[in-house]
Amino acid sequence: MSQLRLYNTLTRRLQPFVPQEPGKVKMYHCGPTVYQRPHIGNYRAFLFADLLRRTFEASGLEVLQVMNLTDVGHLVGDADEGEDKLDAQARKEKVDPWQIVATVSEQFFQDLEALQIRPAHHYPKATDHIEEMVAQIEVLLEKGHAYRVGDNVYFDVHSFPDYGRLSGNKVADLEAGARVEVNQEKRHPADFALWKSDPRHLMKWKTVFGEHGFPGWHIECSAMSMKYLGDSFDLHTGGEDNVFPHHECEIAQAEGVSGKTFVNLWMHTKFLQVDGGKMSKSLGNVYSLDDLEQRGFEVLDFRFLVLRAHYRASVNFTWKALQGAAEARKNLHDFRGRLQAQLRGPAMQAEAGEHSGPARKAFWDALHDDLNTSAALAALFELRNAYTQKGMEATEAADALDLLNLADDIFGLFDQESADSGDLPDPEIDALVEERNQARRNRDFARSDQIRDQLAAAGIVLEDGPEGTLWHRA
RNA sequence: GCCGGCAUGGCCAAGUGGUAAGGCAAGGGAUUGCAAAUCCCUCACCCCCAGUUCGAAUCUGGGUGCCGGCUCCA
């Protein structure tokens with residue numbers, strides 16, 4: 001079988017994936033800032049993390065996965081420049097920020113479940129790890145990577161020569177391009193905050209750095225990832241917006257503390273676009289999972305839409321595109337149903353030919369080529385075409401079904417609930433189908449249509465063909 | 001202004017030098033007691049311009065458009 005190769009943002013090339021510890025993968029994903037419900041764009045990144053997880057697991061690797069919850073506000077960097085989002089949201093809603101965190105987190109986990117994203121092994125919260133952050137900052141101070149100005153602590157980017165390697169930014173260029181007012185107390189404009197103090201902040205902690213402090217944006221991720229995964233681990237992912245400054249700063253902090261290579265492989269997903277441009281509140285196209293359902297779609301249709309595109313290409317989200325994805329997903333689901341039906345039913349006439357083997361190879365080759373999900377999905381549809389055009393004998397059909405189930409295991413295509421919880425047991429359906437055919441032979445169409453309606457109500461699709469009637473669950 | 005990425009049919013989307021995967025939609029046909037489902041057929045020369053090459057969607061240069069970043073603030 002081909003070997004898995006992944007694109008590393010750090011080296012800007014594809015490289016074979018080799019876990020540090022054979023058979024095991026340790027990875028960390030930048031999770032949501034829980035100040036408001038994540039939108040579908042955020043979920044693209046989380047779906048990508050899940051795709052990695054499932055691909056590894058389907059390959060027989062043991063995965064240890066951590067995703068943080070940022071529950072202390074930071075700049076996220078849009079129009080609200082200069083505001084702590086959690087803090088601002090709390091003031092706006094006139095509620096305790098901790099309440100917002102609780103509400104949004106709960107919503108987030110419900111969304112993950114709806115998307116059939118496998119739960120990470122840890123979801124550490126920033127506010128539960130203030131101690132670890134402070135400890136790292138103290139080490140950075142000791143080692144000369146950080147300096148203190150009053151009750152604030154900054155990372156000295158000149159103390160870390162690799163700063164800028166991930167993003168390709170040069171410290172000198174950053175200085176030249178800075179559009180934000182220079183903070184005069186920093187030694188260099190590119191230095192970033194590790195700890196800040198402000199009595200007016202709603203969420204604040206008393207530490208060695210003073211009475212009213214709160215952590216800088218980046219330190220939580222190095223503190224938490226190293227706590228749960230060690231000084232050095234395999235994979236770290238996030239949206240493309242995280243490359244700089246967030247991940248750049250994480251590397252500086254983590255390697256500044258440990259002196260070891262922090263992460264071997266950095267992966268980033270492109271942003272989801274909406275109607276050819278970026279999502280924005282002013283255009284009213286920042287959608288949540290609820291918006292999809294209100295338009296009559298299933299959450300999994302969105303999952304499928306995202307997986308139809310390569311993770312490093314921007315996906316254009318439109319309602320029309322989602323409709324197309326929903327239809328395609330349904331067709332794949334029906335294909336699986338037909339394979340199941342065939343295996344239950346009488347032997348099928350089929351041309352000799354082997355389709356599942358090549359499809360399986362194409363599927364894995366595509367996935368191994370930097371998770372080329374659209375090509376992997378195409379292999380499935382080609383298998384379906386081979387089936388409809390030439391038919392398959394039982395062993396071949398069983399093999400095809402097995403491949404579809406593997407694809408479902410990796411992509412999370414089908415609703416797990418409905419997959420095996422039909423209202424009617426198979427023998428009963430078979431009996432009804434037989435009764436209907438008998439009625440049709442007797443031209444008792446009232447009775448046959450009645451049975452058809454009954455089965456349709458139970459979610460059973462009938463296919464009347466020249467060689468008899470096949471059924472599958474919708 | 002600076003750095004980086006992308007641009008494929010009505011829509012979504014693979015494809016990085018050898019002559020355009022796949023899906024959705026659409027049109028035509030078959031099948032059917034009616035219907036559904038199903039089946040068959042049709043449907044692109046790859047943003048523009050100029051180059052390199054026997055040959056480019058794929059490489060180079062220049063446009064145009066879209067996307068990300070340019071770092072903690074009050």
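Throughout, protein chains are lettered first and strands after them, A, B, ... in sequence-line order, and every chain is numbered starting at 1. This one's a predicted model, so the numbers in the text were calculated from it and none came from an experiment.
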As a test of reading the structure: which of [options] is closest to the side chain of [X], going by heavy atoms?
X	options	value
A:A309	B:rA13, B:rG68, B:rU71	B:rA13
A:F244	B:rA14, B:rU71, B:rA21	B:rU71
A:K196	B:rA14, B:rA25, B:rC73	B:rC73
A:P245	B:rC40, B:rC70, B:rG33	B:rC70
A:T388	B:rC34, B:rC39, B:rC67	B:rC39
A:N331	B:rA21, B:rG23, B:rG4	B:rG23

Which residue, A:A321 or A:A193, contacts RNA chain B at a nucleotide closer to its 5' end, judged by nearest heavy atom? A:A321

Nearest heavy atom decides the nucleotide; on that basis, is A:D191 or A:A375 closer to the 5' end of RNA chain B?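 The residue mapped nearer the 5' terminus is A:A375.
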
Respond yes when some side-chain nitrogen or oxygen of [X] is under 4.0 Å from OP1 or OP2 of [N], and no when none is.
X	N	answer
A:N372	B:rG15	yes
A:K186	B:rU71	no
A:R12	B:rC3	no

Check every strand shown and say whether [X] touches a base, only sugar-phosphate, or nothing at a heavy-atom separation below 4.0 Å.
X	value
A:V157	nothing
A:R312	nothing
A:F381	sugar-phosphate
A:N316	sugar-phosphate
A:S167	nothing
A:F271	sugar-phosphate
A:H246	nothing
A:A313	sugar-phosphate
A:L462	base

Give the rounded distance in Å between these two atoms: [atom1] of [X] and [atom2] of [N].
X	N	atom1	atom2	result
A:L455	B:rA35	CG	C1'	15 Å
A:F335	B:rC39	CZ	P	10 Å
A:D370	B:rU16	CG	C1'	14 Å

Across all strands shown, which nucleotide pairs with [N] by Watson-Crick or G-U wobble geometry, both distances under 3.5 Å?
N	answer
B:rG4	B:rC67
B:rA74	none
B:rU16	none
B:rA44	none
B:rG10	B:rC24
B:rG51	B:rC59
B:rC39	B:rG29

Could you report the tightest heavy-atom contact between A:D291 and A:W319, atom names first, then the distance?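 Scanning both residues completely, I find the closest heavy atoms to be O-CH2, 3.9 Å.
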
Counting only heavy atoms not in A:K125 (residues, nucleotides, ligands), do more than 12 fall under 6.0 Å from its NZ?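 No - once you tally the heavy atoms of other residues, nucleotides and ligands closer than 6.0 Å, there are 12 at most.
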
Would you indicate whether A:R447, at its atom CZ, is surrounded by more than 12 heavy atoms from other residues, nucleotides or ligands within a distance under 6.0 Å?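 Result for CZ/A:R447: enclosed.
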
A:N68 side chain to A:T70 side chain, donor-acceptor N/O pair below 3.5 angstrom: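 Checked: A:N68/A:T70 side chains pair up, N/O donor to acceptor below 3.5 Å.
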
Are side-chain N/O atoms of A:E185 and A:N152 paired as donor and acceptor at under 3.5 Å?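 Checked: A:E185/A:N152 side chains pair up, N/O donor to acceptor below 3.5 Å.
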
Give, for atom NZ of A:K278 and atom CZ of A:F271, the distance between the pair rounded to the nearest 0.5 Å. 9.0 Å

dist A:D409:CG -> A:F414:CZ (nearest 0.5 Å) comes out at 12.0 Å

Decide yes or no, distance alone: a donor-acceptor N/O pair under 3.5 angstrom between the base of B:rC24 and the side-chain of A:R308.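 Under the 3.5 Å cut-off, the side chain and the base do not form any donor-acceptor pair.
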
Could one point to a donor on the side chain of A:D449 or the base of B:rG33 with an acceptor on the other under 3.5 Å away? yes

Give me the distance, rounded to whole Å, that separates B:rC12 from B:rA21 when you measure between the C1' atoms they each carry. 14 Å

How far, in whole Å, is B:rC39 from B:rC6 if one measures between their C1' atoms?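 About 39 Å, rounded to a whole number of Å.
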
Within a strict 4.5 Å, meaning less than it, do heavy atoms of the A:D162 and A:I251 side chains meet?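 The answer is no; the side chains never approach within 4.5 Å.
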
